[in-house]
Amino acid sequence: QVQVAESGGGSVQAGGSLRLSCAASGTTFSSRIMAWFRQAPGEEQEFVAAISWKGGNIYYSDAVKGRFTISNGNARNTVYLQMNSLKPEDTARYYCAAGTIVDQAPNPDEYDYWGQGTQVTVSS
């Protein structure tokens, strides 16, 4: 059984920062890539960022490039998302995903495990 848990969401004013954390736990699970997706009410799920284990490959969506930074934690199966210069359009529920074999990082279908999400609200 693998569990994915996110934390760090909250409310912030435009221009502010938040840091999301994610940990995937399981006795035999070793992720090779972890990612963040987000979904706003009434909108489709959107890829945010992904990072391979040890950070050899990092991917960002154009919407967050230059403002968000994804990084691995010291422990395997952990990942962080530092979000700076937040905008109201960043308001969404942010989901962490973990995968073992992923060819297309922005494709949510390729990830094996998902968290319940953490809400990020940015006010203008």
Practice task
Examine distances only and state if a side-chain atom of Arg93 and a backbone atom of Gln116 form a donor-acceptor pair shorter than 3.5 Å.
Solution key: yes
Exercise for the section: Can you see which heavy atom on Pro108 is nearest to which on Gln45, and at what distance? Expected result: CB-OE1, 3.3 Å
Exercise for the section: Take the angle between the ring planes of Tyr111 and Phe37 and call it parallel below 30°, perpendicular above 60°, tilted in between. Expected result: perpendicular
Problem - Nearest atoms (heavy-atom pairs only) where Ile33 meets Ala50 - result: CD1-CB, 4.1 Å
Handout entry: Hydrophobic cluster identity match, Met34 and Val48, side-chain contacts under 4.5 Å
Key = yes
Exercise for the section: Measure the shortest side-chain to side-chain distance between Trp36 and Val64 over non-hydrogen atoms and say whether it is less than 4.5 angstrom. Expected result: no
Handout entry: Minimum-distance pair of heavy atoms, taken over all atoms of Asn74 and Trp53
Key = O-CH2, 4.4 Å
Handout entry: Side chains of Asn72 and Thr78, donor plus acceptor under 3.5 Å
Key = no
Handout entry: Distance in Å, Cys96 SG paired with Tyr80 OH, rounded so as to fall on 0.5 Å steps
Key = 11.5 Å
Practice task
Mind running side-chain contact (heavy atoms from CB on, under 4.5 Å) on Asn57 and Ile51 for me, showing each step along the way?
Solution key: CA-CA 6 Å; Asn57 295 293; Ile51 186 168; over 6 Å; no
Handout entry: Residue pair Val120 / Thr91, side-chain heavy-atom distance below 4.5 Å
Key = no
Exercise for the section: Determine whether Gln3 and Tyr113 make a side-chain contact, defined as any pair of heavy atoms from C-beta on separated by less than 4.5 Å. Expected result: no
Handout entry: Distance, nearest 0.5 Å, that separates CD1 of Ile70 from CE of Met83
Key = 11.5 Å
Problem - Gln104 backbone acceptor or donor facing Glu110 side chain under 3.5 Å - result: yes
Completion exercise
Here the gap from Asp90 atom CG to Thr121 atom OG1, rounded to the nearest 0.5 Å, amounts to 11.0 Å
Practice task
Mark yes or no: Arg38 above the aromatic ring of Tyr95, with NZ or CZ under 6.0 Å from the six-membered ring centre and no more than 45 degrees from the axis.
Solution key: no
Practice task
Answer with yes or no whether the hydrophobic clustering places Trp114 together with Val79; edges join I, L, V, M, F, W, Y residues whose side-chain heavy atoms lie under 4.5 Å apart.
Solution key: no
Practice task
Could you pull out the closest heavy-atom pair between Ser17 and Ser85, with the gap in Å?
Solution key: OG-N, 4.4 Å
Practice task
For residues Leu18 and Leu86, determine if any side-chain heavy atom of one lies less than 4.5 Å from a side-chain heavy atom of the other.
Solution key: yes
Handout entry: Distance in Å, Thr69 OG1 paired with Arg19 CZ, rounded so as to fall on 0.5 Å steps
Key = 10.5 Å
Problem - Atom pair CG/CD of Leu20 and Gln82 - distance to nearest 0.5 Å - result: 9.0 Å
Handout entry: Minimum heavy-atom distance Val4-Ala24, with the two atoms named
Key = CG2-CB, 4.0 Å
Problem - Check: Phe47 and Tyr59 side chains under 4.5 Å, non-hydrogen atoms - result: yes
Handout entry: Atom pair CG/CZ of Asn84 and Arg67 - distance to nearest 0.5 Å
Key = 9.0 Å
Practice task
Please report the shortest heavy-atom distance between Glu6 and Gly117, naming the atom on each side.
Solution key: OE1-N, 2.9 Å
